[in-house]
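For reference, the structure is listed below as structure tokens.
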Number of protein chains: 2
Amino acid sequence: MAKLQKSIDKRNALIKATIELVNNNGFHATPMSKIAKMANVSPATIYLYFENKQDLVNQTYIEVKAEYTKYAFKTYDKNMPVKAGFELIWKRIADFKLKECENAMFLAQCDNTPMIDAHSRQEGIKHLQPLLDLWERGRQEGIIKPLSNYLLYAYSINPLSFLMIIQKRGDIQLNKVQLEEAYQSAWSSIKQCE
Amino acid sequence: MAKLQKSIDKRNALIKATIELVNNNGFHATPMSKIAKMANVSPATIYLYFENKQDLVNQTYIEVKAEYTKYAFKTYDKNMPVKAGFELIWKRIADFKLKECENAMFLAQCDNTPMIDAHSRQEGIKHLQPLLDLWERGRQEGIIKPLSNYLLYAYSINPLSFLMIIQKRGDIQLNKVQLEEAYQSAWSSIKQCE
DNA sequence: AAAAAAAGAATGAACATTCATTTTTTATGT
DNA sequence: ACATAAAAAATGAATGTTCATTCTTTTTTT
């Protein structure tokens with residue numbers, strides 16, 4: 001037990017260091033040696049936990065993505081009405097993106113880069129299903145526009161990534177009011193107009 | 001004249017090669033030697049045109065960003081009505097993102113990465129002013145929601161980046177109809193509801 | 001005492017950048 | 001026009017560094 005615990009701690013430290021360094025310097029400028037140093041570990045030790053650098057980054061991606069979706073759906077129940085369900089999920093996602101900034105930044109970087117291999121990317125998408133199901137229900141009930149999931153995502157969820165990035169960069173600081181405005185815009189763009 | 005022309009051709013070839021390689025392999029996996037090879041030039045020659053790798057990437061970014069905004073505003077006239085002006089600019093941007101896919105992909109990667117230095121990023125934003133002015137006018141006329149430029153951009157323009165990426169990845173193929181839908185969503189999310 | 005985990009140093013490849021030469025262009029004098 | 005010298009541009013090979021990964025030894029756990 002103690003051994004296993006210790007191992008998990010080290011693995012977590014490595015993943016955390018990877019996120020922080022990749023966020024600040026980019027993949028191209030984060031050597032294994034720095035990751036090791038930040039995690040208080042010898043470079044050689046990394047290879048006890050991960051196959052190589054690519055594997056480390058892939059696994060970090062999958063881990064963070066899983067945290068993200070877990071957070072998003074934590075309080076969601078698939079029997080909720082469509083509108084309420086969407087609002088709930090949207091706000092959880094917003095919460096994650098704006099509070100767990102490090103994690104969200106890392107995902108944004110991975111999602112726009114050939115840094116992650118196709119297989120891990122696929123793996124990362126899996127857990128988004130509840131949202132897709134909700135949208136399907138919304139379309140059937142005539143509450144949500146009959147657009148593809150991709151379009152709905154592009155208009156209602158993806159903008160949060162952009163907002164997160166510029167907030168991190170210090171260009172804006174979203175308060176409660178602005179967040180509510182952002183939510184209304186998101187909803188406007190996907191709800192079926194009467 | 002002949003000399004200058006030749007130089008510009010080489011510079012362009014280098015920039016083109018940089019875009020293509022960074023798009024396909026990421027910054028971290030595009031060595032100067034490959035860029036040189038793709039541009040049919042010796043590695044040493046790159047340093048006659050650019051200070052170093054960072055400078056090459058920064059200048060490529062600025063160049064592509066300038067192309068992007070030039071394209072976006074090509075047929076826009078600042079005396080147009082707000083709604084028509086927005087539709088025009090939006091559709092030009094969509095055109096650019098979906099047709100000049102290579103260029104747009106490169107920008108997306110740069111914009112979510114510490115690949116580009118802050119100064120060059122600043123430089124790249126400059127040319128967006130006509131759109132910001134249009135929005136200001138729209139807010140004053142009560143046609144556009146009283147949101148910050150960042151929010152308006154996040155909801156009406158940024159989704160195109162996401163759509164472009166998934167189209168490049170082969171997940172969707174936007175036709176005329178879907179593009180019109182996307183436009184309507186964009187407009188819905190920023191227009192003042194009556 | 002055996003096995004597992006971790007470490008630091010070593011290895012070899014890849015890479016950005018520079019150097020010494022060669023090729024091409026430009027300017028000059030006839 | 002033309003030959004030729006100076007200047008500029010371009011090159012391939014060399015340089016020195018950085019880095020991912022592995023090897024051997026040491027420490028910790030069982």
Side-chain angles (χ1 to χ4, degrees), chain A residues 1-61 106 109-110 113-117 120, chain B residues 1-61 106 109-110 113-117 120:
Chain A
M1 188 48 153
K3 186 213 95 190
L4 186 64
Q5 189 52 45
K6 193 173 183 187
S7 288
I8 283 179
D9 284 352
K10 272 201 179 119
R11 203 189 118 99
N12 287 343
L14 283 166
I15 285 185
K16 184 150 181 272
T18 302
I19 294 167
E20 188 169 337
L21 287 167
V22 169
N23 274 350
N24 292 323
N25 312 324
F27 184 87
H28 70 285
T30 73
M32 295 295 257
S33 55
K34 268 195 200 165
I35 295 173
K37 193 166 287 176
M38 181 170 278
N40 282 313
V41 140
S42 153
T45 302
I46 300 180
Y47 292 85
L48 299 176
Y49 293 87
F50 304 94
E51 254 177 64
N52 49 40
K53 193 179 177 183
Q54 184 63 56
D55 182 48
L56 166 60
V57 153
N58 284 340
Q59 290 203 42
T60 302
Y61 175 75
F106 182 77
Q109 196 166 163
C110 291
T113 285
M115 204 171 107
I116 300 296
D117 64 30
S120 304
Chain B
M1 189 46 156
K3 187 214 92 193
L4 186 64
Q5 189 51 42
K6 194 171 184 187
S7 290
I8 283 178
D9 285 351
K10 270 198 181 122
R11 203 189 118 102
N12 287 343
L14 284 166
I15 285 186
K16 185 153 179 270
T18 302
I19 292 167
E20 190 169 336
L21 288 166
V22 169
N23 275 350
N24 292 322
N25 312 323
F27 185 88
H28 69 286
T30 73
M32 294 295 257
S33 55
K34 270 195 199 163
I35 295 173
K37 193 166 288 176
M38 181 169 278
N40 283 312
V41 139
S42 155
T45 303
I46 300 180
Y47 294 85
L48 299 176
Y49 294 86
F50 304 94
E51 255 178 64
N52 50 39
K53 194 178 178 184
Q54 183 64 56
D55 181 48
L56 166 59
V57 154
N58 284 339
Q59 290 202 41
T60 301
Y61 174 75
F106 182 78
Q109 195 166 163
C110 292
T113 285
M115 204 171 107
I116 300 296
D117 65 28
S120 304

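In the text below, chain A, chain B and the rest are named by the order of the sequence lines, each starting its count at 1.
- The side-chain heavy atoms of B:Thr30 and A:His28, taken from C-beta on, include no pair separated by under 4.5 Å.
- In this structure, B:Asn25 places its CG atom 11 Å from P of C:dC15, rounding to the nearest Å.
- Nearest to the side-chain atoms of B:Ala44 among the listed nucleotides D:dC23, D:dA20, C:dT18 stands C:dT18.
- The shortest side-chain heavy-atom distance between A:Leu56 and A:Ile35 falls under the 4.5 Å cut-off.
- For C:dA6, one of the phosphate oxygens OP1 or OP2 lies less than 4.0 angstrom from a side-chain nitrogen or oxygen of A:Lys10.
- Which of C:dT17, D:dT21, C:dA16 sits closest to the side chain of B:Pro43 comes down to C:dT17.
- Distance, B:Asp9 CG to D:dA9 P: 15 Å, rounded to whole Å.
- Contact annotation: the side chain of A:Phe106 never approaches that of A:Ile15 to less than 4.5 Å [non-hydrogen atoms, C-beta and beyond].
- The NZ atom of B:Lys37 sits 14 Å away from the P atom of D:dT11 (whole-angstrom rounding).
- No hydrogens or angles considered: nothing links the side chains of B:Glu20 and B:Asn24 as a donor-acceptor pair under 3.5 Å.
- Between A:Leu14 atom CG and D:dT21 atom C1' the separation is 15 Å, expressed in whole Å.
- Contact check, A:Tyr49 against C:dA6: a side-chain N or O comes under 4.0 Å of OP1 or OP2.
- One finds a side-chain N or O of B:Thr45 lying less than 4.0 angstrom from the OP1 or OP2 phosphate oxygen of D:dT11.
- At whole-Å resolution of the value, CG in B:Leu48 and P in D:dA10 are 6 Å apart.
- When the C1' atom of D:dT18 is taken as reference, atom NE2 of B:His28 falls 16 Å away, rounded to whole Å.
- Atom P of nucleotide D:dA10 and atom CD1 of B:Ile8 are separated by 12 Å, given to the nearest angstrom.
- Rounded to whole angstrom, the span from the CD1 atom of A:Ile46 across to the C1' atom of D:dT22 amounts to 13 Å.
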